[in-house]
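Because only heavy atoms are used, hydrogens play no part in the values below, and waters and symmetry mates are left out as well, while side chains stay in.
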Amino acid sequence: MSLIDKPHLDRAHVLALLRDMIRVRMFEEKCAELYTQQKIRGFLHLYDGEEAIAAGVIPVLGPQDRIVATYREHGHALVRGVPMTTVLAEMYGKAEGCSGGRGGSMHLFDAATNFFGGNAIVGGGLPLAAGLALADRMRGEANVTACFFGEGAVAEGEFHESMNLAELWDLPVLFVCENNGYAMGSALARTEAQTDIQQKAESYGITSRVVDGMDVVAVEAASREAIAQIRETGRPVFLECRTYRFRAHSMFDAQLYREKAEIEQWRKKGPIVRFQGWLLENGLIHDSDVSEIERAVDAEIAEAVAFAEAGTWEPVEDLTKHVLGPQPDPPTTPALSGKTVEITYREAVKQAIRDAMIRDDRVFLMGEDVGAYGGCYAVSKGLMDEFGQDRIRDTPLSESGFTGAGIGAAAVGMRPIVELMTVNFSLLALDQIMNTAATIRHMSGGQFGVPVVIRMATGAGKQLAAQHSHSLEGWYGHIPGLKVLTPATLEDARGMLWTALEDPDPVLIFENVMLYNNTGQIDEAAGPVDISKAAVRREGTDISLITYGGSLFKVLAAAEELAEAGISAEVIDLRTLRPLDDATIMASVNKTRRAIIIDEGWRTGSISAEISARIMEQALWSLDAPVGRVCAEEVPIPYPKHLEDASIPQTPGIVAAARALLGR
């Protein structure tokens, strides 16, 4: 370690270190009191005993560096400079809180200090931190992202996925493991085959160090060296800070898993006792200095309590704020040239990606085999040769890790297109999609948005059997904070991506596998399309056939067959499953007075059930018959072709359902 990296233990510096630790400790003691008074609710995880880590690491970071914390993040937030007043108001749930009252104790966010929040999902912040650092790496910015997590997180797949990504891509992340020995209530030796945690990071080739997490000077020294190394090399460093939490995992915890004597033994070597005693013993400070710090913190706490008590509750009328960001105007549809080209659906998606990459340097594609291989469905074939490996980025088989990295990169201004090979693989990334992408805007009170686009193949028909033939887009349509698109036509395959990349919110695009080889004519000037509206693909007067994605062309074929029998069917292409375009649906149903919903998802709990319910709520008195549904059979999709065909909607079944509803 060079002299410039070493802590300078002059009087001002040691007082600052001691002040940070005492401030965190006293604040949390007050929080524990307020919790017993039911002023603070939910889970309350206290940092008591671990203060040396926040105090030793965070002041070494620069103002442009970023922090991703855990659910035990009060100390991190306070040391970073988030005002105590707004931290406590957030814990009260008041509108003046640092997250607008939307996050609570486990989700403190503060954009002004680049504090990217606590995370209630164990290990959930690791991929986010990798993504923040990825954005810096791609833009050539010399920032560091510090990611704090407990030793329990090292058992999570996201830990290993993030370690691999950070080393593979040379990401400037400082990983700080706050090893307090117990995760929640199980000692490390009972849950980990290898209890030397730094070795886990070291096994990925990451520079790793162990430091006494109860010694604030040792933590600071290790942090200075690590951060200097990251700034010099742009590569990750891992610090395992061995510490101990004196209080329970949370205020609900009865602590039946450890003896009181063990806690008292650790308290005798706690970070404040140890550092304060050493300073006094060596005459670097005096008792009066400690008293002055405590008086100042007492006053600050009193001010914070008064601020939180006087804070206001967000009005119920604002309940739906910060679910989505400010909505952009619909895109201007370009004037058609009148010249058409023949193109496949696959090529339309590829050209959409290519156009986006040319238009905007922030756009990049990442996913399994999207580069050298050209994509599982050959959508990205040739793009790596054109744009390079940095922007057409092959990822490991780690869906949660690289999806979370895409989310993190989007949160700081990049425009990633994340490709998940198939919809069933997306379930491995569901944590990141639902708990981070869909919620971070809400939990941060609108401070952070995630303009990420996540594409995936969906649907049956390729004889891929039960694990590769899901239609789960309706599941994602259940989650507030997401937009869910299902392009069926060439124009939508090409134009939806353009619009989605300009949206402030996470957009999921589901591409049905049976559409990739579809061929048709498209205008050479085709451009962005409105993603907020359903489309009437065929006018009709007798019955509304409502569908999306891969079923559209089956429904159009059914409408043609019905027309030959004198039945005029109107075909509605939903295009977007969240938010649903109720106006177009109800206008059609009010006209035809009958409706059938065709959905390749399973019937029970499906998007078709939601649409049926909305029709009942909004257009019941227009109906001349119950709403019908044609859905996938309630079986895992079979492998044999004849059984696969029988398990999902087909044109003859749609025709039969329409005839039955009309009594013909």
Side-chain angles (χ1 to χ4, degrees), residues 53-54 57-58 60-62 64-73 76-77 80 107-111 113-139 141-151 153-154 156-178 200-201 204 206-208 223 226-227 230-231 234-241 366 395-396 398 400-414 416 418 429 431-432 435-437 440 443-444 448 450 452:
I53 302 172
V57 175
I58 292 175
V60 183
L61 296 167
Q64 299 307 312
D65 296 330
R66 304 185 182 95
I67 294 175
V68 177
T70 74
Y71 45 78
R72 200 183 306 280
E73 86 274 32
H76 307 108
R80 182 55 171 174
H107 308 113
L108 304 174
F109 290 85
D110 186 60
T113 59
N114 277 312
F115 194 80
F116 278 74
N119 198 313
I121 309 302
V122 176
L126 285 154
L128 178 69
L132 298 175
L134 175 60
D136 285 333
R137 164 64 66 191
M138 294 184 71
R139 293 188 297 223
E141 296 177 359
N143 301 319
V144 173
T145 295
C147 181
F148 294 86
F149 52 95
E151 81 286 352
V154 305
E156 298 283 356
E158 287 169 322
F159 169 82
H160 297 277
E161 294 178 20
S162 301
M163 293 298 110
N164 186 46
L165 283 177
E167 178 62 19
L168 180 68
W169 291 345
D170 289 343
L171 302 181
V173 185
L174 175 64
F175 293 106
V176 183
C177 178
E178 299 177 316
K200 296 176 187 288
Y204 290 98
I206 296 176
T207 300
S208 303
S223 299
I227 291 168
I230 295 170
R231 295 201 196 283
R235 301 181 66 243
V237 175
F238 185 95
L239 291 184
E240 180 191 346
C241 300
M366 63 190 299
T395 68
S398 56
S400 189
F402 71 73
T403 301
I407 291 166
V412 287
M414 297 296 282
V418 176
D431 168 38
Q432 288 295 316
N435 286 318
T436 302
I440 195 169
M443 291 191 304
S444 69
F448 297 110
V450 182
V452 66

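- E73 contributes a side-chain N or O that, together with a main-chain N or O of H107, makes up a donor-acceptor pair within less than 3.5 Å.
- Using a 4.5 Å heavy-atom threshold, the side chains of L239 and S223 count as touching.
- The closest side-chain donor-acceptor pair between S400 and E158 falls under 3.5 angstrom.
- Residues satisfying the salt bridge (charged side-chain N to carboxylate O under 4.0 Å, His left out) criterion with R235, sequence neighbours excluded, are E167, D170.
- Once rounded to the nearest 0.5 Å, the distance linking OG1 of T403 with CG of L128 reads 12.5 Å.
- With rounding to the nearest 0.5 Å, the separation of CG in N114 from CG in L61 is 10.5 Å.
- A salt bridge does not link R80 to D65: none of the charged side-chain nitrogens sits closer than 4.0 Å to a carboxylate oxygen.
- Contact annotation: the side chain of N119 never approaches that of T70 to less than 4.5 Å [non-hydrogen atoms, C-beta and beyond].
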Inset, instruction - Run the numbers on V176 and C241 for side chain to side chain contact (heavy atoms under 4.5 Å, CB included), then give the verdict. - result: CA-CA 7 Å; V176 183; C241 300; 4.0 Å; yes
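- E151 places no side-chain N or O within 3.5 Å of a backbone atom of C177 that could act as its donor or acceptor partner.
- Using modelled atom types and a 3.5 Å distance limit, the side chains of E141 and Q64 yield no donor-acceptor pair.
- With contacts defined as side-chain heavy-atom distances shorter than 4.5 Å, the pair E161/L165 does not qualify.
- Side-chain contact check for F238 versus K200: every heavy-atom pair is 4.5 Å or farther apart.
- The minimum heavy-atom distance between L126 and M163, with the atom names listed, is CD2-CE, 4.2 Å.
- Closest of all the heavy-atom pairs between E156 and V122 is CG-O, 3.6 Å.
- Considering only heavy atoms from C-beta on, I67 comes within 4.5 Å of I58 through its side chain.
- For the pair F148 and E178, the tightest heavy-atom approach, listed with the atom from each and the gap, is CD2-OE2, 3.7 Å.
- Note on ring orientation: taking the six-membered ring where Trp is involved, the planes of F149 and F175 are perpendicular (angle over 60°, cut-offs 30° and 60°).
- Summarising the geometry, atom CG belonging to L174 is positioned 14.5 Å from atom CZ belonging to R66; distances are rounded to the nearest 0.5 Å.
- For R231 (side chain) and N143 (main-chain N/O), no donor-acceptor pair under 3.5 Å exists by modelled atom type.
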Inset, instruction - Begin from the C-alpha positions of H160 and Y204 and carry the test side chain to side chain donor-acceptor pair (under 3.5 Å) through to its verdict. - result: CA-CA 9 Å; H160 297 277; Y204 290 98; 3.0 Å; yes
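- Shortest non-hydrogen contact noted between P416 and A410 is CD-CB, 3.8 Å.
- Taking the ring centroids of H76 and F115, they lie at or beyond the 6.0 Å cut-off.
- Shortest non-hydrogen contact noted between V173 and C147 is CG1-CB, 4.3 Å.
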Legend entry - W169 and T395: CA distance, side-chain angles, deciding distance, side chain to side chain contact (heavy atoms under 4.5 Å, CB included) verdict: CA-CA 10 Å; W169 291 345; T395 68; 3.9 Å; yes
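- The distance from the CD1 atom of I121 to the CG atom of N435 is 4.0 Å, given to the nearest 0.5 Å.
- For the atom pair S444 OG and L108 CG, the distance stands at 12.0 Å (nearest 0.5 Å).
- Residues L132 and D136 form no side-chain contact, since every pair of their non-hydrogen atoms from C-beta on lies 4.5 Å or further apart.
- Taking each heavy atom of I440 and F109 in turn, the nearest pair found is CG1-CE2, 3.7 Å.
- Atom CD1 of I407 and atom CD of Q432 lie 5.0 Å apart (nearest 0.5 Å).
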